[in-house]
Amino acid sequence: MIDLKQLRDDPEAFAERLSRRGEYDLQAIVDLDQRHRDLEIRRSQLQTRSNQIGKLIGDRIQSGTSPQDPALKELRQEGTEVKATLSQLDPQERDLKTSLEQLLLTIPNLPAEDTPLGSNETANVEVRRWGDQYILEGKACLPHWEVGEKLGILDIERSVKIAQSRFITLIGAGAALERALIQFMLDQHIARGYLEVLPPLLVNSQALTATGQLPKFAEESFKCDQDDLWLAPTAEVPVTNLYRDQILTASELPIHHCAYTPCFRREAGSYGRDTRGLIRLHQFNKVELVKLVHPDSSAQEHQTLVNDAAAILEALCLPYRVLELCTGDLGFSAAKCYDLEVWLPSAANYREISSCSNFSDFQARRGNIRFKEPGQKGTQWVHTLNGSGLAVGRTMAAILEQYQREDGSIEIPEALQPYLRRSSL
RNA sequence: GGAGAGGUGGCCGAGUGGUUGAAGGCGCAGCACUGGAAAUGCUGUUUAGGGGCAACUUUAACGAGGGUUCGAAUCCCUCCCUCUCCGCCA
């Protein structure tokens, strides 16, 4: 949620910053806010009078006046009249407030001051590369799904029978490899101080609204018909919402969580893209990193988040690059975002494997997640950040290609061997 | 699914119509005591919105919504959620 006061105080500056992302109608919000406040002033003045009358009558009765005394009749009369007016203004004000809030929920986060300008992914900025020495140009390489099927470790066709396209079944060593990757990633993150959680995979509308998937992106998630429950598109949703409506103390920050969960996405609008293999599935496994931090340290926490995700790729000797997303390519809730892209030999290109975002106070406002500085008045919004650490299926894809031998067998990365208890597939 | 209990401040927990934003405790902050700390004592400590340069002021909030009343945390209705027991299932 954007900061309404910030918009009110300097609409031009606000509009300029937001326009770096794209076109949004702020005027409707400004107008609605003005109307709402005008009405609130009138309503609360009347309410004051109503409260005074109640108090006056109470005081007189306390000091001995009979409740039936005719002197009270006039006051009662006025009270009734004021209340009648109030009963008209009240719902009007509430309607304005609701409309205002609904509009506010559709406005994306402001990009950070230093987020690179640009309207689409071509303007993203490469920050660094790692592992160039592992990239073998011109290496003969089967795409991971072909190698996988040849080895009998993944089954795409039969998965369609069970569910539909974009679902996959892992078999034998494939299942074990996926499990080993999950365990390996979690162990790495836990060793770096992240507290593991295993949250519910179904989340309610309030939770999705807090992290920003609702109301605008309802078609991206699977919905349960009978209940107000959705299949979580990412662990970001349940883990961040652990803290919804909470007031933390400053000393509890930062909070670092890691979580392995399956993720469910409808991938509406991506028909025809990445139709083969492990890259784009309706259900995939992911280890997620989630942070709740003090605003003062949020930029630094963002850097370490990226490093913690990248550490997995380095431990697996998978070449990658880091992109900083431009304003036009930023996700709805993000103020700043780095993508990690892993090298996929079959495509001879980099492919997103982690997205590390700083949401500043945007999700905290929507989810009402605050903290208190001991001894100080009032509360502040926490900053939330998260990133994949990593997308497990895509990691598996990268390994099946990067570690592919000429005979089609797969070498197991050294770091993973203790988990899989074998050195090749 | 059947029966019962309950939802109050950062937390626990009192409170059944009139200065109750709400006793008490915990926690937290300040002060005193101490070489320093613990313990102890005293004092303070809800949040959100509006108006105001500010001091300040006003409104709202005791699960949610509605009703009764001049006045509701307290009475009535509806809904939601949690817990316990029974049944069923993993």
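Atom set for the values below is all heavy atoms of this structure, side chains included, hydrogens, waters and symmetry mates excluded. All chains are named by letter (A, B, ...) in the order of the sequence lines, taking the proteins before the strands, and each is independently numbered beginning at 1.
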Check A:E267 with A:R280, please: is the shortest side-chain N to carboxylate O separation under 4.0 Å? yes
Write down the distance separating the P atoms in B:C62 and B:U57, rounded off to the nearest Å. 24 Å
For A:R42, answer base if it contacts any base atom (sugar-phosphate contacts may also be present), sugar-phosphate if it contacts only those atoms, and nothing otherwise; contact means non-hydrogen atoms under 4.0 Å. nothing
Which heavy atom of A:L18 sits nearest a heavy atom of A:I107, and at what distance? CD2-CG2, 3.8 Å
Return the set of residues passing side chain to side chain donor-acceptor pair (under 3.5 Å) with A:T304 (not counting sequence neighbours), or none when no residue passes. A:K291
Using the C1' atom in both, what is the distance from B:G15 to B:G25, to the nearest Å? 15 Å
Any side-chain donor-acceptor pair under 3.5 Å between A:Q404 and A:E411? no
How far does the C1' atom of B:A73 sit from the matching atom of B:A60, given to the nearest Å? 14 Å
Would you say the rings of A:H256 and A:Y194 are close, in the sense that their centroids are separated by under 6.0 Å? yes
Given B:U46, is OP1 or OP2 found less than 4.0 Å from the side-chain N or O atoms of A:K372? no
Ring geometry between A:F332 and A:F362 (parallel below 30°, tilted from 30 to 60°, perpendicular above 60°): perpendicular
Residues A:I410 and A:I399: closest non-hydrogen pair is CG2-O, 4.2 Å
Near-ring test A:H189/A:F184, centroid separation under 6.0 angstrom: no
Are the ring centres of A:H282 and A:F222 closer than 6.0 Å? yes
Sugar-phosphate, base or nothing in reach of A:K73, heavy atoms under 4.0 Å: nothing
B:C83 pairs with which nucleotide, Watson-Crick or G-U wobble, both distances below 3.5 Å? B:G4
pair_partner(B:G41), Watson-Crick or wobble, both distances < 3.5 Å, evaluates to B:C31
Watson-Crick or G-U wobble mate for B:A48, both contacts under 3.5 Å: B:U59
Assign each of A:T379 and A:T48 to its nearest nucleotide of RNA chain B by heavy atoms, then name whichever residue's nucleotide is nearer the 5' end. A:T379
How would nucleotides 60-74 of chain B be written as a contact map, 5' to 3', with B for base contact, S for sugar-phosphate-only contact and - for no contact, using protein heavy atoms under 4.0 Å? S-----S--BBS---
Check every strand shown and say whether A:T249 touches a base, only sugar-phosphate, or nothing at a heavy-atom separation below 4.0 Å. nothing
Tabulate atom names and distances for all N/O pairs under 3.5 angstrom spanning the protein and nucleotides 77-83 of chain B.
none

Are A:S44 and B:U58 close enough that a side-chain N or O sits under 4.0 Å from OP1 or OP2? no
Phosphate OP1/OP2 of B:G51 contacted by A:R37 side-chain N/O (<4.0 Å): yes
